[in-house]
Amino acid sequence: MTRDKDRKRIIRVRMKKTGESYTAARAHVIAKNTTPAEPRPRAVDHAALAGMADEAISAKTGRTWRGWAKVLDADEAASMPHREIAALVRRKYSVGDWWAQAVTVGYERIKGLRARGQRRSGAYEAGKSRTFNVPVQVLFDAWKNDAVRRRWLDGVNASVRTATAPKGLRLQWPDGGIIAVWFTGKGPGKSTVALAHTKLPDKAAAERAKKYWTDRLNALASMFAETTG
């Protein structure tokens with residue numbers, strides 16, 4: 001009741017000042033005192049920013065992207081170099097090498113430290129992965145052996161810089177780029193390869209590399225089919 005009396009008093013004051021009718025003065029007073037509702041902030045889609053579904057990352061690391069953003073923010077990871085974030089994820093949260101890299105890249109994207117396909121340095125990279133119906137050692141050897149590798153790489157003369165059988169290797173690409181490759185066994189007769197083609201100059205080069213690696217992994221699958229068929 002007190003609020004209504006105060007409003008009527010303000011309306012009458014306006015009527016006296018402006019000569020408006022009660023209805024007109026009341027409409028002005030109500031409009032003036034009505035504060036537009038603040039728009040609700042749009043929820044951040046962490047998975048879309050990271051470039052990987054929550055189901056995939058949580059299945060392998062035990063946390064969704066929102067969960068990783070929360071714990072890494074608490075660690076002040078956004079101010080760390082890429083390598084230090086990955087080491088933190090491995091040591092403190094007991095995540096394996098490949099998935100520690102995935103968490104780190106996703107977190108950096110969420111925080112706006114890199115775009116999709118871009119490294120913290122500003123250079124771009126292309127990533128691909130594929131599962132094959134061969135044991136992990138066979139898959140590793142197809143990358144490690146120079147003669148075999150050239151068959152499905154369509155003759156590209158890349159060289160192995162480092163290799164740890166059957167977990168991973170790094171290839172030196174003819175144009176100066178580096179191909180980082182990780183291998184994971186998926187049980188008897190099945191394994192997965194994941195790669196990152198790094199040091200690409202721009203997004204267009206990254207798109208071309210991604211298409212190239214799709215074609216080459218298809219060629220590798222065909223080679224395995226011919227060998228085991």
Side-chain angles (χ1 to χ4, degrees), residues 50-53 56-57 59-60 82-83 86 96-106 108-109 114-229:
M52 182 184 295
I57 198 68
K60 296 297 183 179
H82 175 90
R83 183 174 296 183
D97 287 349
W98 194 91
W99 285 101
Q101 288 291 332
V103 168
T104 301
V105 170
E108 289 170 337
R109 290 173 179 169
R114 65 158 85 191
R116 291 283 296 274
Q118 188 180 34
R119 295 181 68 84
R120 289 280 291 272
S121 65
Y124 281 77
E125 66 180 31
K128 286 295 295 182
S129 64
R130 180 158 177 168
T131 298
F132 296 90
N133 293 321
V134 296
V136 67
Q137 186 65 52
V138 173
L139 182 57
F140 176 84
D141 289 343
W143 286 77
K144 176 68 168 58
N145 185 285
D146 291 340
V148 175
R149 187 177 62 250
R150 278 195 291 270
R151 285 176 55 193
W152 59 271
L153 281 186
D154 199 23
V156 172
N157 189 25
S159 59
V160 176
R161 294 185 57 170
T162 61
T164 303
K167 295 182 177 180
L169 56 77
R170 290 166 66 84
L171 296 177
Q172 179 69 60
W173 210 242
D175 66 0
I178 299 294
I179 318 299
V181 192
W182 300 271
F183 304 93
T184 305
K186 295 290 185 179
K190 203 168 188 179
S191 55
T192 294
V193 63
L195 68 92
H197 190 150
T198 68
K199 296 187 177 182
L200 296 167
D202 51 39
K203 190 173 182 179
E207 291 297 326
R208 290 193 297 271
K210 195 167 186 177
K211 172 65 167 58
Y212 170 83
W213 284 110
T214 298
D215 293 342
R216 292 306 92 211
L217 293 180
N218 286 340
L220 178 57
S222 296
M223 188 191 77
F224 284 141
E226 293 171 4
T227 303
T228 59

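Computed from a predicted model, the values in this text were never measured in an experiment. Numbers for residues simply follow the sequence, beginning at 1.
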Next item on the list: I would like to know whether W213 and L153 meet side chain to side chain contact (heavy atoms under 4.5 Å, CB included); could you show each step before the answer?
Entry: CA-CA 9 Å; W213 284 110; L153 281 186; 3.7 Å; yes
Next item on the list: Name all residues meeting the salt bridge (Lys or Arg N to Asp or Glu O under 4.0 Å) criterion together with D97; count only those two or more places apart in sequence or in a different chain, and write none if there are none.
Entry: R90
Check: So which heavy atom on A86 is nearest to which on A100, and how close?
Finding: O-CB, 3.9 Å
Item checked: Nearest atoms (heavy-atom pairs only) where K210 meets G127 -> CE-O, 3.8 Å
Next item on the list: Determine, stepwise, if the pair F140 / V181 fulfils side chain to side chain contact (heavy atoms under 4.5 Å, CB included).
Entry: CA-CA 9 Å; F140 176 84; V181 192; over 6 Å; no
Check: Listed by chain and number, what are the salt bridge (Lys or Arg N to Asp or Glu O under 4.0 Å) partners of D215, not counting sequence neighbours?
Finding: K211
Item checked: From W152 atom CH2 to F224 atom CZ, the distance as rounded to the nearest 0.5 Å -> 8.0 Å
Notebook entry, point to check: How close do A102 and M52 get, heavy atom to heavy atom, and via which atoms?
Noted result: CB-CE, 4.2 Å
Notebook entry, point to check: Is there a donor-acceptor pair closer than 3.5 Å between any side-chain N or O of W143 and the backbone N or O of V193?
Noted result: no
Note to self: I'd like to check T164 versus L169 (side-chain heavy atoms, cut-off strictly below 4.5 Å). Are they in contact?
What the structure shows: no
Next item on the list: Evaluate the criterion side chain to side chain contact (heavy atoms under 4.5 Å, CB included) for residue pair R109 and R114; output intermediate values, then yes/no.
Entry: CA-CA 5 Å; R109 290 173 179 169; R114 65 158 85 191; 3.9 Å; yes
Notebook entry, point to check: Any ion pair linking D141 and K144 (charged N to carboxylate O, less than 4.0 Å)?
Noted result: no
Margin query: Rounded to the nearest 0.5 Å, what separates atom CG in L171 from atom OG in S159?
Written below: 7.5 Å
Checklist line | Closest contact, heavy atoms only, A206 versus A126 | finding: O-CB, 3.4 Å
Notebook entry, point to check: Nearest heavy-atom pair of H197 and A209: which atoms, and what distance?
Noted result: ND1-CB, 4.0 Å
Notebook entry, point to check: Quick one: does T192's side chain get under 4.5 Å of W98's, heavy atoms only?
Noted result: no
Next item on the list: List the steps and the verdict of side chain to side chain contact (heavy atoms under 4.5 Å, CB included) for N145 and R149.
Entry: CA-CA 6 Å; N145 185 285; R149 187 177 62 250; over 6 Å; no
Notebook entry, point to check: Any idea which heavy atoms bring S191 and L139 closest together, and the distance?
Noted result: OG-CD2, 3.4 Å
Check: Which value, rounded to the nearest 0.5 Å, describes the distance between I179 atom CD1 and R161 atom CZ?
Finding: 11.0 Å
Next item on the list: Please examine the side chains of H82 and V105, heavy atoms only from C-beta on, and report whether any two atoms are closer than 4.5 Å.
Entry: yes
Item checked: Reported CG-to-CE distance for the pair L220 and M223, which is rounded to 0.5 angstrom -> 5.0 Å
Check: Would you say R130 and N218 make side-chain contact, with heavy atoms under 4.5 Å?
Finding: yes
Next item on the list: Side-chain contact test, heavy atoms from C-beta onward, threshold under 4.5 Å: evaluate it for K128 versus R216 and give yes or no.
Entry: no
Notebook entry, point to check: How far does OG of S222 sit from CZ of R151, to the nearest 0.5 angstrom?
Noted result: 11.0 Å
Note to self: When you compare the side chain of Q172 with that of I178, does any pair of heavy atoms fall below 4.5 Å?
What the structure shows: yes
Checklist line | Heavy-atom side-chain proximity of R208 to L200 below 4.5 angstrom | finding: no
Next item on the list: Would you tell me whether T131 and K190 have side-chain atoms, one donor and one acceptor, within less than 3.5 Å of each other?
Entry: no
Margin query: If you define the side chain from C-beta out and look only at heavy atoms, does anything of E108 sit under 4.5 Å from T104?
Written below: yes
Check: Out of curiosity, Y124 OH to T198 OG1, how far, rounded to the nearest 0.5 Å?
Finding: 15.0 Å
